[in-house]
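Remarks on the structure that follows.
Along the sequence shown, residues carry numbers from 1. Just so it is clear, the model here is predicted, and its values are computed rather than measured.
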Amino acid sequence: MAEMQCAIRCSGITKAFGSVVANDAIDLEVNYGEVLALLGENGSGKTTLMNMLSGIYHPDAGQIFVNGQPVSIASPVDARALGIGMIHQHFKLVEVFTAMENIVLGMPGKMPSRKALRAEVKGLCEAYGLEIDPEKPVWEMSVSEKQTVEILKVLYRGAKILILDEPTAVLTPQETEKLFDILRQMKAKGCAVIIITHKLNEVLAISDRVTILRKGKSVDTVATAEVDTNRLTELMVGHAVSLAIRRPEPKDVHTILKVVDLTVEKPDGSLGLDDVSFHIHSGEILGVAGVAGSGQKELCETIAGLLPAKKGAVLYKKENILGKSPEAIIDLGISMSFVPEDRLGMGLVASMGMTDNMLLKSYRAGKGPFVDRAPARALAKKLVEELSIVTPGIETPVRLMSGGNVQKVLLGREIESDPNLLITAYPVRGLDINSSYLIYDLLNRQKEKGVAVMFIGEDLDVLLELCDRILVLCHGKVTGVVKAGEATKEQIGRMMTGEMSEEEKRKEAAER
């Protein structure tokens, strides 16, 4: 077998931001015709390193080699000229443009005719096993179609070295396998692929080698065939970690929340929720699965009193709470922990420190005209200790904290409010393994106290292990409610895309 040619080699790459060393003498190498997975906990330096390869940052020390030659990548334009393309987790597409308009957007020189461009796009699709309608507007596309456009963008620009950042975060299992087929085609065509993902089973499924970063250093590069999830986890965190998620049996269950025929309109007049009905018991965790934009946001905001409903009812302990203010809903014992993409979009004030963000939920409990900050300060200190929150101080604005630590602040505050119903959306988004398992344990402790927990998540493996039942949304409709212990990823994946067998439909109707 011929020796593979090295595409990129990083030698001793160091990058610091003030006193924080994000990358400390990192070594990395990826060859043409292979898929390299890049693993590491939050703050390990993965994104910083990839941003230097794509020209967003410049290293303070060390050298990058492309095709064996030392290079300086001062901008994304330089990266593109070297054949490097990065596909970001959050797509950078113009929604009102078509696929091929997005593909050529920003390209220098004269734009080819639509006929010539269509032919070029179709040629790339045939070469790499991609499927897309070049004339389809982005706003009409599914998540996987948008990702295909992003891949075509970098291929059209001549990229032979591709970096994908968390590419499966919002894909169904079927869409993930389709993406992996595309990556295997790209590998067969001689491309070098670097994939960043937290999902260890996907690392084992798609990569040839794995480079592990820990606290800004490269600790090892291993052949994927020679490791398993336990070994990868140990390399990432520095010690053995149990990957089992507890699922205690619900006790003394009774219905806490019942949603009946809930229909909610979006600002543009389309339906965010369409006749949604389900219930959740005390002492259980109800998972909610669905591709991004399936109605999860509208469901959270309607229950929280932030969105009006067109019709239906939300019965909390048999009382319809539709039309109540968010303040009144909080007073009933409903807590909401919603982590949007920017992580500061709901629930926390970015310019405030932890103490003042604690006060947002408790200031009305005080007596007299003055606010007593002492209890909030004590709670902030308690959360820092119990949840291992990394912050320069509890009065430091939360916008200066990492996204993972912001999530801990938000969820910790909601749990400490002693709710009867806890609605948590994407609570482990972007968190490393240790922090994620801490959150799972916190939710299970709430469940054991009799709290009803709604867990909106992206990782189907976690939903199947943690939850008692799983509600599946597709385009604002409920396509299934299944027992987690009896369901499969493939079954839920079909429901997420609206595809169900007759037997699954009968089981779903009985469960709901």
Side-chain angles (χ1 to χ4, degrees), residues 39-43 166 168-170 197-202 229-230 232-234 236-237 239-251 280-290 296 300 335-339 343 347 382-390 402-419 421-471 482-485 487 489 492:
L39 277 180
E41 294 185 277
N42 296 112
E166 298 287 353
T168 66
V170 291
T197 178
H198 283 98
K199 301 178 181 179
L200 300 184
N201 58 331
E202 293 181 359
T229 55
N230 290 313
L232 291 175
T233 304
E234 186 176 349
M236 274 196 295
V237 303
H239 56 81
V241 175
S242 171
L243 298 178
I245 299 177
R246 290 193 307 124
R247 183 165 59 204
E249 284 295 319
K251 296 178 182 177
I280 179 170
H281 300 125
S282 61
E284 81 161 343
I285 298 180
L286 175 71
V288 178
Q296 300 95 321
C300 284
S335 280
M336 184 80 62
S337 171
F338 183 78
V339 184
R343 294 186 172 98
K382 177 184 177 184
L383 293 181
V384 167
E385 182 177 342
E386 291 187 354
L387 302 184
S388 302
I389 295 172
V390 179
S402 71
N405 285 300
V406 168
Q407 285 167 238
K408 292 181 187 179
V409 172
L410 181 55
L411 185 60
R413 186 190 67 184
E414 300 309 312
I415 287 176
E416 287 295 327
S417 68
D418 198 24
L421 170 64
L422 175 63
I423 300 174
T424 177
Y426 314 113
V428 298
R429 176 182 276 166
L431 290 184
D432 55 49
I433 289 176
N434 273 335
S435 298
S436 296
Y437 278 73
L438 172 63
I439 297 302
Y440 304 148
D441 189 53
L442 286 173
L443 295 177
N444 271 324
R445 282 190 238 162
Q446 293 299 298
K447 172 184 174 180
E448 289 171 324
K449 287 170 58 178
V451 176
V453 180
M454 184 188 296
F455 179 92
I456 300 173
E458 297 164 320
D459 191 323
L460 294 188
D461 290 307
V462 171
L463 285 166
L464 287 167
E465 285 191 67
L466 177 70
C467 303
D468 299 290
R469 294 182 299 133
I470 299 173
L471 165 78
V482 297
K483 292 181 179 178
K489 285 174 64 175
I492 295 174

Report the C-alpha distance between Leu200 and Met236 in whole Å, list the side-chain angles of each, state the deciding distance to 0.1 Å, and finish with yes or no for side chain to side chain contact (heavy atoms under 4.5 Å, CB included).
CA-CA 11 Å; Leu200 300 184; Met236 274 196 295; 3.8 Å; yes
Test log, rule side chain to side chain contact (heavy atoms under 4.5 Å, CB included), inputs Asn444 and Ile285
CA-CA 8 Å; Asn444 271 324; Ile285 298 180; 3.8 Å; yes
Step by step, would you call Ile439 with Leu387 a side chain to side chain contact (heavy atoms under 4.5 Å, CB included)?
CA-CA 9 Å; Ile439 297 302; Leu387 302 184; 5.6 Å; no
Which is it for Glu465 and Tyr440 under the side chain to side chain contact (heavy atoms under 4.5 Å, CB included) test, yes or no, and what are the steps along the way?
CA-CA 10 Å; Glu465 285 191 67; Tyr440 304 148; over 6 Å; no
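Side chain of Arg247 to backbone of Leu464: a donor-acceptor contact under 3.5 angstrom is found. Side-chain N or O atoms of Glu284 include one that pairs as donor or acceptor with a backbone N or O of His281 at under 3.5 Å.
For the atom pair Ile280 CD1 and Arg469 CZ, the distance stands at 7.5 Å (nearest 0.5 Å). Distance CG/Asp459 to CG/Asn201: 7.0 Å, rounded to 0.5 Å. To the nearest 0.5 Å, the span separating CD1 on Ile470 from CZ on Phe455 amounts to 10.0 Å. With rounding to the nearest 0.5 Å, the separation of CD in Glu458 from NZ in Lys199 is 7.0 Å. Residue Gln446 holds its CD atom at 6.5 Å from CG of Leu422, rounded to the nearest 0.5 Å. Here the CD1-CG distance, from Ile245 to Asp441, works out to 11.0 Å after rounding to the nearest 0.5 Å.
Side-chain contact between Leu410 and Glu414 is present, with at least one heavy-atom pair separated by less than 4.5 Å. Within the 4.5 Å cutoff, the side chain of Lys449 has heavy atoms near those of the Asp418 side chain. Cys300 places none of its side-chain heavy atoms less than 4.5 Å from the side chain of Met454. Looking only at side-chain heavy atoms (C-beta outward), Asp468 and Lys447 come within less than 4.5 Å of each other. Residues Val451 and Leu443 are not in side-chain contact: their nearest non-hydrogen atoms beyond the backbone lie 4.5 Å or more apart.
By the 4.0 Å N-to-carboxylate-O rule, Asp461 lies close enough to Lys489 to be salt-bridged with it.
Among all heavy-atom pairs drawn from Lys408 and Ile389, the shortest one is CB-CG1, 3.8 Å. The two atoms that bring Leu411 and Pro427 nearest to each other are CD2-CB, 4.2 Å, heavy atoms only. In terms of heavy atoms, Gly287 sits closest to Cys467 at CA-SG, 3.5 Å. Taking all atoms of both residues into account, the shortest heavy-atom contact from Ser282 to Ala452 is CA-CB, 4.1 Å. When all heavy atoms of Arg246 and Arg445 are compared, the closest pair comes out as NH2-N, 4.4 Å. Here the closest non-hydrogen pair linking Thr168 and Glu202 is OG1-OE1, 2.6 Å.
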